[in-house]
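What follows is a set of notes on a single structure, which appears directly below.
Atom set for the values below is all heavy atoms of this structure, side chains included, hydrogens, waters and symmetry mates excluded.
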Amino acid sequence: MILYFYYILLIIYGVALVVSIFYYLTRRAPGGDASVGWALGLYYTAGLAGIILMALLLRSKPALGLVLLAVPLAFLALPRIRRTITDLYTRLPVPDRVPRLLLFIENNTPSSLHIKLECWFGTTESHTAQLYTTLDYYTKPLEKSSFRLTAHQTRLLAHKSKYVSIMTFEQVMEEHQGHQYIREIQPCVQFYEETPEAFRAGEYKVVINPK
């Protein structure tokens, strides 16, 4: 059985390596930001080739070869495992009962707006944070609206996040070759950060005034 899985993984990795090498030999390296992903792909391809070579050297010991071939699978599974653990963390109850948050948005500008609430979680390094999810809300010009958040969303903002970034983007309708689309103007109209305590009163208000 071990030998069977050893050769199955070896064949799969071999096919992936051939496809990857063909891809890089038949395409030119991009420029700009895309070159970073290109370089990372080459790095991973070289790593895969090294693992295949070492696994072939261990073909007389298929158990060790199988362990080595499992390393890329563990590498691919690690982000998903971390995400699953984080999702479970967000579902855990909190000691304080916080009412479902009512979010008020007051748009005092003549523009359509996109309001983004980004939930940032702490990491093992105290001075860093990682984006977990974004809550998106939209408002029309001069509109006052309210949104009742779910218990899970309230828990994210009021307890689970290290801090919450609140960003407001102006949206404009543009037309290109007969097709209309919405474009968000950069940089954002408004940006600030809040601690979880700001969302524990049951209500939170975002006011956007014209510059």
Checklist entry - Which atom pair, heavy atoms only, marks the closest approach of Ile51 to Leu69? => result CG2-CD2, 4.1 Å
Item to check | Inter-residue atom distance Trp120.CH2 - Glu118.CD, 0.5 Å rounding | outcome: 5.5 Å
Checklist entry - When rounded to the nearest 0.5 angstrom, what is the spacing between CG in Leu57 and CD1 in Ile52? => result 12.0 Å
Checklist entry - If only atom types and distance count, is the side chain of Thr195 paired as donor or acceptor with the main-chain N or O of Tyr163 below 3.5 Å? => result no
Checklist entry - How many angstroms lie between NZ in Lys140 and CD in Gln171, if you round to the nearest 0.5 Å? => result 12.0 Å
Next on the checklist: How close do Leu131 and Cys119 get, counting heavy atoms only, and between which atoms?
Outcome noted: CD1-O, 3.6 Å
Checklist entry - Is it true that atom CZ of Phe5 has more than 12 heavy atoms of other residues, nucleotides or ligands lying nearer than 6.0 Å? => result no
Next on the checklist: Tell me the closest heavy-atom pair linking Pro79 and Phe75, and the distance in Å.
Outcome noted: CD-O, 3.3 Å
Checklist entry - For the residue pair Phe147 and Tyr137, does the interplanar ring angle fall in the parallel (under 30°), tilted (30 to 60°) or perpendicular (over 60°) class? => result tilted
Checklist entry - side-chain contact (heavy atoms from CB on, under 4.5 Å) between Val206 and Gln190: does it pass, once the steps are laid out? => result CA-CA 10 Å; Val206 178; Gln190 180 175 283; 4.2 Å; yes
Item to check | Side chains of Thr84 and Tyr89 in contact at under 4.5 Å (non-hydrogen atoms) | outcome: no
Checklist entry - Are the side chain of Arg59 and the backbone of Leu56 linked by a donor-acceptor contact shorter than 3.5 Å? => result yes
Next on the checklist: With a 4.5 Å cut-off on side-chain heavy-atom distances among I, L, V, M, F, W and Y, is there a chain of contacts connecting Met167 to Tyr132?
Outcome noted: no
Next on the checklist: Show the nearest heavy-atom pair for residues Tyr6 and Pro62, with the distance to one decimal.
Outcome noted: CD1-O, 3.9 Å
Next on the checklist: With rounding to the nearest 0.5 angstrom, report the CD1 to CZ distance, Ile85 to Arg80.
Outcome noted: 13.5 Å
Checklist entry - Are the charged groups of Asp87 and Arg83 less than 4.0 angstrom apart, N to O? => result yes
Item to check | Between Thr168 and His114: side-chain donor-acceptor atoms closer than 3.5 Å | outcome: no
Item to check | Thr139 OG1 to Ile105 CD1 distance, which is reported to the nearest 0.5 Å | outcome: 6.5 Å
Next on the checklist: Main chain of Ala158, side chain of Arg200: is a donor-acceptor contact present, judged purely on distance under 3.5 Å?
Outcome noted: yes
Checklist entry - Taking the side chain from Thr45 and the backbone from Ser20, do they hold a donor-acceptor pair closer than 3.5 Å? => result no
Checklist entry - Side-chain heavy atoms under 4.5 angstrom apart, residues restricted to Ile, Leu, Val, Met, Phe, Trp, Tyr: same cluster for Phe191 and Phe199? => result no
Checklist entry - Hey, quick one: are Leu9 and Leu3 part of the same hydrophobic cluster, counting side-chain heavy atoms closer than 4.5 Å, chains of contacts allowed? => result yes
Checklist entry - Do you see a donor-acceptor pair shorter than 3.5 Å between the side chains of Ser111 and Glu170? => result yes
Checklist entry - With a 3.5 Å cut-off and no angle check, do the side chains of Asn107 and Tyr138 form a donor-acceptor pair? => result no
Item to check | Over 12 non-hydrogen atoms of neighbours within 6.0 angstrom of OH in Tyr4 | outcome: no
Next on the checklist: Count I, L, V, M, F, W, Y as connected when their side-chain heavy atoms are under 4.5 Å apart, and connections chain through other members. Are Tyr13 and Leu68 then in the same cluster?
Outcome noted: yes
Item to check | Over-ring placement of Lys160 relative to Phe121, 6.0 Å and 45° cut-offs | outcome: no
Checklist entry - Can you name the closest pair of heavy atoms from Pro141 and Ser112 and give their distance? => result CD-OG, 3.5 Å
Checklist entry - Are any side-chain N or O atoms of Thr26 and backbone N or O atoms of Phe22, one a donor and one an acceptor, separated by less than 3.5 Å? => result yes
Item to check | For Thr90, the option from Arg155, His152, Gln153 that meets side chain to side chain donor-acceptor pair (under 3.5 Å) | outcome: His152
Checklist entry - Between the side chain of Arg100 and the main-chain N/O of Thr150, is any donor-acceptor distance below 3.5 Å? => result no
Item to check | Hydrophobic cluster identity match, Ile8 and Leu73, side-chain contacts under 4.5 Å | outcome: yes
Checklist entry - Is it the case that Glu194 and Tyr204 place a side-chain donor and acceptor less than 3.5 Å from each other? => result yes
Next on the checklist: Taking the side chain as everything from C-beta on, heavy atoms only, tell me whether Val207 gets closer than 4.5 Å to Asn108.
Outcome noted: yes
Checklist entry - How long is the gap from CG on Leu157 to CG on Leu135, to the nearest 0.5 Å? => result 5.5 Å
Next on the checklist: I'd like to know whether Leu17 forms a side-chain contact (heavy atoms from CB on, under 4.5 Å) with Val15, so could you lay out the CA-CA distance, the side-chain angles of the two residues, the decisive distance to 0.1 Å, and finally the verdict.
Outcome noted: CA-CA 5 Å; Leu17 180 62; Val15 171; over 6 Å; no
Item to check | Non-hydrogen atoms of Ala55 and Leu10 that approach each other most closely | outcome: CB-CD1, 4.1 Å
